[in-house]
2 protein chains.
Amino acid sequence: MSETNHKQGPETRARILDAAESLFTTHGFEATSMRMITGQANVNLAAVNYHFGSKDALIQEVFRRRLTDLNRRRLAALEMAERAAEGKPLKPSRIVEAFFGVSLDMAADTEGGGATFMRLLGRTYTEPNAFVRQFLAEEYAEVVDRFMGALYDALPDVPREEILWRFHFMMGAMSYAIAGTDALRLFTGDFDDKDPARLAPRLMSFLLGGLRAPLPGLQAMDDSARRNAA
Amino acid sequence: MSETNHKQGPETRARILDAAESLFTTHGFEATSMRMITGQANVNLAAVNYHFGSKDALIQEVFRRRLTDLNRRRLAALEMAERAAEGKPLKPSRIVEAFFGVSLDMAADTEGGGATFMRLLGRTYTEPNAFVRQFLAEEYAEVVDRFMGALYDALPDVPREEILWRFHFMMGAMSYAIAGTDALRLFTGDFDDKDPARLAPRLMSFLLGGLRAPLPGLQAMDDSARRNAA
DNA sequence: GTCTATATATCGATAGAC
DNA sequence: GTCTATCGATATATAGAC
C-alpha cells in the first residue's frame, strides 16, 4: 500500500466480486454487462479486465471464492459426524444433514452475501453455459466422492444408482427451496415469508422422507401402465 | 396457399419454434441470437420478426404452444382421478401422480420435442428474466389452484403452507430429474443412462416419500441447534 | 492501479425491393 | 411471405496517458 495511484487498492476486487455476484443472481450471466457490474461496484469499466482478465474469469472467481469455503465446511461436517459415530456406520440422516445443513446455513446468511450466492449456485447446476458447468463439476469432485462413499457405506443394501439419483433429487429440492419465493411465484402470496427460519426443518423433513422412501419396483413400467395398476 | 411468394408458408413458423426451443434449451435465452435461430431453422433472419414481432414474443410462443397442452392434460388427469374416486377424498398419491406423471410423460417424448421442452421448462422456474417468470405464473394459475385445492382436501390435517412448500420441493426434484445427466454432471458417468424408463418410478417413490414425511417440529430451531440436538 | 478513448464484433430490429 | 442491406445500440476487450 505504499505505491501511488491506487485510490481504492485491494477493495476494488472485492467490490467487483460483490456487485457481480448480486447482478448475476438477479439477471443471469449473459444479461449482466461489465458496465452494470462496474457501475454498481463504483469502479472503472477497465478494472474488471485488469483484475480478472475477462468476464468469464470473473464468473469463475465469483464461484471459487465462496465454493472453496462451502465445500470445506461440508467436508468438516461429514468428518465431525464420522468422529461422533466412533467407527460405527453413519446414519444416512447424519450424512444428509451434514451436506444440506451446511448449505442451508450459508443460504441463511443474508448479511454476508451467502444467501445471494446460494440462489445463484442452485440455479447454476442447470445453467446451460458449458464452461461454468465444467468448472462447477471440478470444484465439486472431492465433496461428491466423499459424500457418495459415505452414503454407500451407510446404505449397503440400496443400489448405488438409486442413491445417486436420490441425492440428485435432493439437490433439486434444495435448489428450489433456496430460490424459494424469489423464483417463480406459482404459489402467489401464500408462502410464510415471515418465518424463513422454518425453511431448514421443512426441507430436511422432506429430504429424509424422500431418501427413506420404499425403493421403486425393478420392473420399468411406463407411466400409463403404472397409473392404471392396482 | 394460392398466393405467390410463400415458398415454405406455414412450415416456417413451426421450424422457427422448433429451432428456438432447442437452442434456448441448449444455450439459454440471452445467449441464443436471432441469427442462430433462423440459421438452424433455415429461414431468413427477418422471418422471426415478421411471424412473431420480437424475440420476447417468440420466447412466449415457444412456451405457450407446449404449456397449453401440458396443463390441459394435467387437469384432465386430475379430473379422471376425481371421477374414479366417486366423491370420496382423493389419495394424495393420486394427485401427485396426476401432476408429475403427465410431466414425466412429456419429458419422455424425445421425438416430438417434449423432452427438450421439459428441460427448458424446469430451468425456467428459476430463470431470472422477469417477463418470462410473469408469463409462466399466468399460464400456471389455474393448474396450481386446482391441484393445491385437491391437496388441501386430501390432507385436511396438514398445514397448507407445509403442502405448498412440499409441492415446491417436488417441483425442484422433478426439474433436476428431467435435467438429469444433461445438467451438471456432478456424479460423473455413474447414472444408468441406458434405462431412462426407470426415471419415472424412481422419482415418484422419492416424491411420495417426501410428501408423506413426518411434519417438522413447530419450533424453528436454527441449523446448528438442530444438528446438535438428541 | 485508475482512467479515457476507442477498436471490433454482434445484437435485435426494420425499411423496402421482389 | 421472403429476402438483402443496414441502422443504431450495446457488448467485451484493450491501448496508452496519467
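Because the structure is predicted, anything quoted here is derived from the model rather than measured. The figures that follow rest on heavy atoms only: side chains count, while hydrogens, waters and symmetry mates do not. We name chains A, B, ... by the order of the sequence lines, and we start the count at 1 in each one.
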| request: Quick one: which residue pairs count as a salt bridge (Lys or Arg N to Asp or Glu O under 4.0 Å) with a foot in residues 44-53 of chain A, not counting sequence neighbours? | output: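 Found none.
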
Rounded to whole angstroms, how far apart are [atom1] on [X] and [atom2] on [N]?
{"X": "A:Ile37", "N": "D:dA13", "atom1": "CD1", "atom2": "C1'", "value": "14 Å"}
{"X": "B:Glu11", "N": "D:dT2", "atom1": "CD", "atom2": "P", "value": "10 Å"}
{"X": "A:Lys55", "N": "D:dT14", "atom1": "NZ", "atom2": "C1'", "value": "17 Å"}
{"X": "A:Asn49", "N": "C:dT6", "atom1": "CG", "atom2": "P", "value": "19 Å"}
{"X": "A:Met34", "N": "D:dA11", "atom1": "CE", "atom2": "C1'", "value": "10 Å"}
{"X": "B:Tyr50", "N": "D:dT2", "atom1": "OH", "atom2": "P", "value": "8 Å"}

Tabulate atom names and distances for all N/O pairs under 3.5 angstrom spanning the protein and nucleotides 4-10 of chain D.
from, atom 1, to, atom 2, distance (Å)
D:dT4, OP2, B:Asn44, ND2, 3.3

| message | I want to check something: taking the side chain as every heavy atom from C-beta on, are A:Leu164 and A:Tyr152 in contact at a cut-off of under 4.5 Å? | response |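 Yes. Closest side-chain heavy atoms under 4.5 Å.
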
| query | Would a 4.5 Å heavy-atom cut-off, applied to side chains only, mark B:Asp105 and B:Asp109 as touching? | reply |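 In short, these two side chains do not touch, never coming nearer than 4.5 Å.
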
| message | Any side-chain N or O of A:Thr12 below 4.0 angstrom from OP1/OP2 of C:dG1? | response |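 No, A:Thr12 has no side-chain N/O under 4.0 Å of OP1/OP2 on C:dG1.
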
| query | Just wondering, more than 12 heavy atoms not from B:Glu142 lying within 6.0 Å of its CD? | reply |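 No, CD of B:Glu142 has 12 or fewer neighbouring heavy atoms, counting only those of other groups under 6.0 Å.
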
| field | Contact residues, residues 57-66 of chain A to DNA chain C [heavy atom, < 4.0 Å] | value |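 By residue number: none to list.
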
| task | Give one of base, sugar-phosphate or nothing for A:Thr32, where a contact means two heavy atoms less than 4.0 Å apart. | result |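 Since only primed, P, OP1 and OP2 atoms lie under 4.0 Å of A:Thr32, the category is sugar-phosphate.
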
| Given B:Asp69 and B:Arg72, is the salt bridge (charged side-chain N to carboxylate O under 4.0 Å, His left out) satisfied, shown in steps? | CA-CA 5 Å; B:Asp69 178 56; B:Arg72 188 189 53 74; 2.7 Å; yes

| query | Is there a donor-acceptor contact under 3.5 Å linking the side chains of A:Arg119 and B:Thr126? | reply |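 No - no donor-acceptor pair under 3.5 Å links their side chains.
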
| Which atom of A:Ala200 lies closest to which atom of A:Leu104, heavy atoms considered |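 The pair with the smallest heavy-atom distance is CA-CD1, 3.8 Å.
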
| query | When you check the gap from the basic side-chain N to the acidic O, do A:Arg202 and B:Glu162 get nearer than 4.0 Å? | reply |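 Salt bridge: yes.
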
| task | Salt-bridge test for A:Arg123 and A:Glu127: reply yes if a basic N is under 4.0 Å from a carboxylate O, no otherwise. | result |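 No, this pair does not count.
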
